[in-house]
Amino acid sequence: MSVRVRYAPSPTGLQHIGGVRTALFNYFYAKAQGGDFLLRVEDTDRERYSEESLDDLYQTLNWLDVKWDEGPIVGGPYGPYIQSERFELYQKYAKMLVEKDMAYYCYCTPERLERVRKEQKESKSSVQGYDRHCSNLTKEQRDELEKQGIKPVIRLRVPLEGKTTFHDVLMGDITRKNKDVSPDPVLLKSDGFPTYHLANVVDDHLMGITHIMRAQEWIPSGPLHILLYKAFGWEPPVYCHLPMVMGKDGQKLSKRHGSTSVKDFREKGYLPEALMNYVTLVGWSYDDKSEFFSKEELEKIFDITKIHKAPGVFDYKKLDWFNGQYIRKLSDQELKEKVLPYLVKEGFVDEPITKEQDDILNKLIPCVKPRLKVLSDIVALSKFLFTEPEVAEKEMFVAKKMDLASSTTALIKAYDILKSGLDSDKPFEEIESEICDVAKEMEVKVNAVFTPLRVALTSSTVSLPMNDTVTLLGKEKCYKRIERAIEMLKGEI
RNA sequence: GUCUCCUUCGUCUAGUGGUUAGGACACCGGGUUUUCAUCCCGGCAACACGAGUUCGACUCUCGUAGGAGAUGCCA
């Protein structure tokens with residue numbers, strides 16, 4: 001039988017690292033097995049649903065170039081793939097269980113449920129959860145409650161005796177006593193929408209899903225789902241619970257650890273290839289030496305048995321490293337195109353770009369390439385080029401073991417050399433070596449002379465190499481900035 | 001509280017009943033470099049603990065501890 005897996009997110013927020021990792025594992029597994037990858041939108045929580053989240057889901061998968069074989073937009077033989085569009089279906093199946101007395105109507109108010117929960121917690125009761133208050137209502141009692149206009153929910157009747165086992169590809173057999181399985185969970189909410197448990201089981205069965213790969217946070221409800229399959233008389237699929245993605249402190253990855261939404265990473269300028277590569281390496285590995293995997297490779301080699309059991313910590317620094325590696329693999333032309341939106345957004349270049357600006361970029365890109373961790377770093381790195389910075393603080397001109405006076409002297413001397421060299425079209429190497437001679441003559445380190453020059457030109461103590469800075473900026477701007485700096489420094493001495 | 005799962009360097013991980021326990025990131029040091037990066041070289045650092053099985057255990061078994069997750073008309 002051909003493999004059919006699905007990614008079934010709930011559009012209640014932006015797609016985050018954990019969700020995408022689940023999507024990727026499902027997708028790669030399907031492709032490696034020659035099977036199908038489905039997308040299903042579980043929008044049964046009407047309170048938290050948002051249109052924006054749904055857009056973000058599509059955008060994220062598109063950005064990663066993960067294509068679903070069946071699902072929203074593309075359709076498929078088992079549609080619709082959006083649960084809200086399957087509304088009636090769940091009612092039918094829930095009622096089917098009520099008729100078999102495997103489920104029942106419950107009229108408890110949220111207030112009562114909350115009170116019960118609170119009491120249980122305070123009394124440290126060993127029994128937690130729903131107290132099965134409505135499990136044995138008579139027809140008359142139900143009619144009475146209906147008459148009061150209370151909209152009931154449908155709850156599954158979980159057996160009190162026995163135990164339920166399910167098999168997990170990674171974890172092995174997982175057994176739970178039925179009395180410890182969630183006490184009579186809600187299947188159908190009072191608004192008529194199904195809960196996750198019902199919708200999930202019904203759809204997975206109807207859509208012919210063969211393998212369920214989802215986060216380990218679902219392990220505890222595994223037995224419950226098995227109970228549901230049994231109640232319906234269906235064959236459960238193969239389970240594979242994926243290790244969770246944690247933050248540095250070992251807790252479930254969340255916003256307080258930093259960016260978690262793929263949108264954030266995208267906007268900061270992480271490349272989809274890099275993010276994909278890194279994310280699939282959290283909880284999965286191929287061997288002891290391979291680290292770089294393209295999407296195409298993963299579609300061939302992804303192996304479910306090499307998934308780790310233990311949760312993994314998401315390492316932002318390693319992602320940065322991967323991203324830098326992928327940026328360096330880009331051609332100058334590719335990098336230019338990717339970086340352009342950031343420059344436009346900052347107002348550094350026009351839209352469309354002018355010929356002059358394009359020429360500058362062609363020079364800028366190779367200088368900047370080894371210095372980018374994320375694409376948006378281009379802004380800080382090229383700001384000196386596109387804006388006229390304030391003259392820097394006087395302290396910045398002063399290198400180690402120098403004072404303001406000697407730094408000013410050094411700058412003046414360096415400026416003379418630079419100006420006459422540039423004006424007579426001397427090769428830059430010669431100019432540089434002459435500036436080095438100044439240092440020798442002053443008996444200071446080379447850096448002591450270059451620092452004031454650098455700060456004068458860029459208002460920063462770190463910059464691109466002098467040669468590049470000067471050619472990028474052009475003679476006139478360089479002279480102007482240095483003269484401005486010298487004037488300021490003289491006034492300060 | 002109850003239930004379930006997990007446990008190799010700081011992090012991601014490889015690994016076999018007998019290995020100097022391997023790699024990558026991070027970190028530290030060195031080289032290249034006028035700065036910052038890149039790049040190159042080197043270093044640091046782990047089998048949670050205890051007992052058992054065994055000639056021998058990081059590897060198998062059992063306990064303990066620690067961590068995580070679940071316990072919703074959220075998924």
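Worth knowing before you read on, the calculation uses all heavy atoms, side chains too, and leaves out hydrogens, waters and symmetry mates.
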Plane angle bin for A:F87 and A:F193 - parallel if under 30°, tilted between 30 and 60°, otherwise perpendicular: perpendicular
Watson-Crick/G-U partner (both atom distances under 3.5 Å) of B:U4: B:A68
Integer angstrom distance from the P of B:G72 to that of B:C60: 36 Å
A:Q325 side chain near B:A37 phosphate (N/O to OP1/OP2, under 4.0 Å): no
Side chain of A:D288 - closest among B:A75, B:A14, B:U34: B:A14
Ring center gap for A:H211 and A:Y29 short of 6.0 angstrom: yes
Sugar-phosphate, base or nothing in reach of A:S290, heavy atoms under 4.0 Å: nothing
Earlier contact from the 5' end, RNA chain B, for A:K177 and A:G250: A:K177
Which nucleotide in B:A75, B:C12, B:U34 has an atom nearest any side-chain atom of A:D45: B:A75
Any N/O donor-acceptor pair, A:R454 side-chain to B:U34 base, under 3.5 Å: yes
Geometric class of the A:Y107/A:Y105 ring pair [parallel <30°, tilted 30-60°, perpendicular >60°]: tilted
A:S84 side chain to A:D43 side chain, donor-acceptor N/O pair below 3.5 angstrom: yes
B:G56: pairing nucleotide in any strand, Watson-Crick or G-U under 3.5 angstrom: none
Short side-chain N/O contact to B:C6 OP1/OP2 from A:K309, under 4.0 Å: yes
Distance test, side-chain N/O of A:K306 to OP1/OP2 of B:C12, below 4.0 Å: no
Along RNA chain B (nearest heavy atom to each residue), the more 5'-positioned of A:E291 and A:V446: A:E291
Presence of donor-acceptor pair under 3.5 Å, side chain of A:T195 and base of B:C73: no
Short side-chain N/O contact to B:A75 OP1/OP2 from A:K189, under 4.0 Å: yes
Sugar-phosphate only, base, or nothing, as touched by A:C106 at under 4.0 Å among non-hydrogen atoms: nothing
Closest to the A:R155 side chain, choosing from B:U34, B:C74, B:C73: B:C73
Residue A:Q128, side-chain heavy atoms: nucleotide from B:G1, B:U11, B:U34 that is nearest: B:G1
Below 4.0 Å: OP1/OP2 of B:C36 and any side-chain N or O of A:S463: no
Below 4.0 Å: OP1/OP2 of B:A14 and any side-chain N or O of A:H308: yes
Phosphate-side-chain proximity, A:S221 and B:U71, N/O vs OP1/OP2 below 4.0 Å: no
Aromatic contact, A:H16 with A:F314 (centres under 6.0 Å): no
Sugar-phosphate only, base, or nothing, as touched by A:P465 at under 4.0 Å among non-hydrogen atoms: base
Touch class at under 4.0 angstrom, heavy-atom based, for A:E47 against every strand present: nothing
